[in-house]
Each structure stands twice: as C-alpha cells, then as structure tokens.
Number of protein chains: 2
Amino acid sequence: MARIRTAKDVSRKEVIIKAAAKLFHEKGYKAASMRDLAVKVGVEAASLYNHIRSKAELLHDICFDVANIFNAHINDVETSGKPPLEKFETLLRFHIRQMLENFEEVYVSDREWRYLADPYLSNFQNQRRNYRKRFAAIIEQGIESGVINKIDASTAVLIVLHAVSGIESWHRSTHKISGEILEENMMTILIDGLKK
Amino acid sequence: MARIRTAKDVSRKEVIIKAAAKLFHEKGYKAASMRDLAVKVGVEAASLYNHIRSKAELLHDICFDVANIFNAHINDVETSGKPPLEKFETLLRFHIRQMLENFEEVYVSDREWRYLADPYLSNFQNQRRNYRKRFAAIIEQGIESGVINKIDASTAVLIVLHAVSGIESWHRSTHKISGEILEENMMTILIDGLKK
DNA sequence: CCTACCGATCGGTAGG
DNA sequence: CCTACCGATCGGTAGG
C-alpha cells in the first residue's frame with residue numbers, strides 16, 4: 001500500500017538532497033554511489049528509497065532548484081528598470097554570492113548536469129541556453145548605450161560565468177581571503193580589467 | 001613471455017590515448033567505460049590491454065602530458081626577459097590556444113584530474129599549485145611595476161584560468177565566432193575589462 | 001528503516 | 001587481437 005507522505009518525509013528528503021549535493025561535489029555524480037550517500041545520511045542504502053525515487057532524481061532536483069533560483073533572479077533584474085551596467089553588476093554579484101553561499105548545489109548544477117537523462121537533459125540545456133541569451137542581451141544593451149566595451153556579448157557571458165565557477169578553487173584553498181574581498185576582487189577584474 | 005615493444009606499439013598507444021581523451025571529455029572519466037573506448041578504437045575491450053596497463057594509466061598520461069606542456073611554457077616565459085604585462089599576455093594567449101588546438105586533453109586534465117589515484121594525484125596537485133603560484137608571481141610583478149591594477153593575484157589567476165576553460169562552451173555552441181575573434185575578445189575582456 | 005538479494009555492468013585476466 | 005570469463009560493485013527491489 002502506498003504510504004502517505006508527511007511533512008517529515010519532505011524534510012527527510014531535503015536532508016538527503018543536501019547530502020547528495022555535497023557528495024556529488026566531492027566525488028562527481030557518476031563516482032558517487034548510493035552506498036556512499038547512505039553512509040552520509042546514516043542509514044542503509046535501501047532505506048534511501050523510502051524517500052527518493054532514484055539517484056537520477058537527486059541530480060534532477062539539485063539542477064532544477066538551482067536553475068529556478070537563477071531564472072527567478074534574472075526576471076527581477078530584467079524588470080528592475082536599472083541601467084544596463086547596473087543590471088550586469090547585479091547579475092554578477094548574485095552569481096558570486098550563490099557560489100559562496102549555496103556552493104555545493106550550484107557547483108553540481110554547473111558541472112554535473114550532463115548526467116541528467118532526457119527529457120530533463122534537454123529541458124535543462126534549453127533553460128541554460130535561454131538564461132545565457134538573456135544575460136548576453138543585457139550586455140548588448142550596455143554596449144549600445146556606450147557603457148560597456150565593444151566585445152562579443154556571448155564571449156563575455158562565457159567568461160563571466162566560468163570565472164565565477166572558479167570560486168571552486170577558492171573553496172578548496174587552505175589560506176583564503178574572505179568572501180567579501182574575493183567578491184570585490186572579482187568585480188574589479190571583470191569590470192575594470194587587469195590592466196591599469 | 002614479455003613482448004618486445006616496437007615503434008608501432010607506441011603509435012597504437014598514442015591512438016588509444018587520443019581516443020581516451022575524446023571519450024573522457026564526452027562522458028567524463030568515471031562514466032566512460034573501456035568497452036566504449038574499445039568501440040572508438042575498433043577492437044575488443046580486452047585487446048586494449050596489449051597496449052596499455054589500465055584505465056587509470058590513460059588518465060594519468062593525459063594529465064601529465066598537459067601539465068608538462070604548461071610547465072615547459074611557463075619556464076620559457078619566466079626567462080624571456082619580457083616586461084610583466086607581456087609575460088602575462090603570453091601566458092594567457094598560450095592557455096587560450098591550447099584550449100582551441102589541444103582541446104580534449106586540456107579539458108580532461110582540467111576537469112578530470114581528481115580521479116587520479118595517489119601518488120599521481122598528489123604529484124599533480126602539487127604541480128598545479130606550483131604553476132598557479134608562478135602565474136600569480138608574474139601578476140604581482142605587474143602590480144609592483146604599476147602596470148596591473150591592485151588586485152589579489154591569486155584571484156586573478158583563478159578567474160583567468162577558469163575563464164579560459166569556458167572555451168568548452170564555445171566548442172559546444174552551434175553558431176560560433178572564429179577562434180581568432182574569440183581569442184581577441186577574451187584578451188580584451190580580461191585585460192581591459194568590460195566597462196568602457 | 002533493515003536484511004537479503006537481483007541483474008547489469010564494470011575493469012581486468014587467462015589462454016590461445 | 002579475440003573468446004571466454006572473473007570478482008567487485010553498481011542502482012534498485014521484495015518483503016517484512
């Protein structure tokens with residue numbers, strides 16, 4: 001007989017997803033086993049399946065949660081009425097902060113999405129492409145209004161998003177500068193450039 | 001009885017390594033099976049082991065080949081006698097071109113090295129750390145001589161290296177700008193910044 | 001939530 | 001270079 005899902009099930013599932021995000025970050029999706037995850041959660045592997053449907057579902061939940069967060073944010077930015085350069089800065093800071101605060105999930109969504117299965121894979125790729133187009137459009141507006149250098153907007157998006165994902169290295173490093181200082185440095189380098 | 005290794009063995013091995021780099025890029029190291037690789041090479045899986053010792057050896061060879069290329073290059077740059085900003089530009093262009101021309105190997109070395117087993121893993125990590133320190137030192141020199149903005153040099157290295165690895169997205173994209181134009185755009189964005 | 005277990009697939013070996 | 005096969009491990013299920 002089907003069990004009735006209670007609030008406790010939901011929070012238990014959230015614990016599992018959080019642990020999965022950590023594990024998928026540490027080992028990579030394919031190298032992470034459900035037995036590894038069970039150890040992290042403190043149950044037997046088989047018990048996980050009382051809360052989740054499959055390993056694939058975990059990856060799916062992580063990736064689409066992150067996608068929703070960024071989609072919601074770019075909606076806000078687009079309708080904010082700010083000038084283009086400010087819109088760009090807001091987006092960039094949001095990416096940096098998500099990478100600082102919501103690190104494992106964002107990392108997994110960024111690097112492990114390719115292990116999604118269709119139809120989720122195609123859906124995710126479309127969302128990703130769409131997000132980048134909207135990001136590029138904001139840069140284009142900045143170029144048109146003369147506040148951003150004449151560069152290829154897609155290349156700029158590519159650089160910015162990958163630069164932010166470099167915060168992974170920062171997380172790993174032993175003697176690291178603070179998150180705030182990192183953020184300001186990244187803003188300076190990407191906006192003002194390296195050359196004086 | 002042990003077989004005598006001939007020149008043909010070496011080239012066969014190189015074919016296998018090249019195919020492995022492609023496969024590891026496509027699927028990721030863990031998700032790529034030796035049976036997948038065998039199909040790519042056009043033999044049975046078991047036959048691969050006449051040329052290689054293990055799957056791990058393939059990853060090892062790819063990662064250390066790439067590390068050697070970049071180490072050799074930074075040696076040249078350090079002893080070139082060029083001013084710091086030119087040294088930086090030379091390094092950056094080399095990274096971009098390697099990512100354009102030697103794409104699969106560089107990508108695998110960059111993203112899949114974590115699946116190396118010790119003692120290779122530690123060795124690789126040390127080389128990587130060392131390389132980044134030398135790269136940062138060149139940026140520091142540029143800051144001291146007043147030609148580079150006062151930013152945290154480690155953060156700059158992190159941004160630059162990850163931005164370059166973003167060329168992965170460019171390779172995947174369908175209607176892409178030329179490699180030359182991509183290179184110039186990347187140089188402009190990272191050196192002069194996005195803001196006009 | 002656990003014990004017991006399954007079919008599939010993995011990297012790799014033996015032997016020719 | 002192939003056929004045949006191995007032990008280990010995987011994601012997941014049955015049944016309680």
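Each chain gets a letter, A, B and so on, in the order the sequences are listed, and its residues count up from 1.
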Would you say NZ of K22(B) has more than 12 non-hydrogen atoms from neighbouring residues, nucleotides or ligands within 6.0 angstrom? no
Winner on side-chain proximity to Y49(A), out of dT3(C), dG12(C), dG12(D), is dG12(D)
Out of dC1(C), dG12(D), dG11(C), which nucleotide sits closest to the side chain of R12(A)? dC1(C)
If you assign each of D36(B) and A46(A) to its closest nucleotide in DNA chain C, which residue comes earlier from the 5' end? A46(A)
Quick one: [X] [atom1] to [N] [atom2], roughly how many Å, whole number?
X      : N       : atom1 : atom2 : value
E44(A) : dC1(C)  : CD    : P     : 11 Å
E57(B) : dG11(C) : CD    : P     : 15 Å
L48(A) : dC10(D) : CG    : P     : 13 Å
K55(A) : dA8(C)  : NZ    : C1'   : 14 Å
M34(B) : dC1(D)  : CE    : P     : 14 Å
R35(A) : dC1(C)  : CZ    : P     : 17 Å
L37(A) : dC10(D) : CG    : C1'   : 14 Å
I52(A) : dT13(D) : CD1   : C1'   : 13 Å

When all nucleic acid strands are considered with a 4.0 Å heavy-atom cut-off, which category describes A31(A): base, sugar-phosphate, or nothing? nothing
Answer yes or no: is there a donor N or O on one side and an acceptor on the other, between the side chain of K55(A) and the main chain of A32(A), under 3.5 Å? yes
Any Lys/Arg nitrogen of E105(B) or K18(B) sitting under 4.0 Å from an Asp/Glu carboxylate oxygen of the other? yes
Do any side-chain nitrogens or oxygens of S47(B) fall under 4.0 Å of OP1 or OP2 in dC2(D)? yes
So how far is it from F94(B) CZ to F70(B) CZ, rounded to the nearest 0.5 Å? 5.5 Å
For dT3(D), what is the paired nucleotide under Watson-Crick or G-U wobble rules, both distances under 3.5 Å? dA14(C)
For the pair Y120(B) and F64(B), name the ring-plane relationship: parallel under 30°, tilted 30 to 60°, perpendicular over 60°. perpendicular
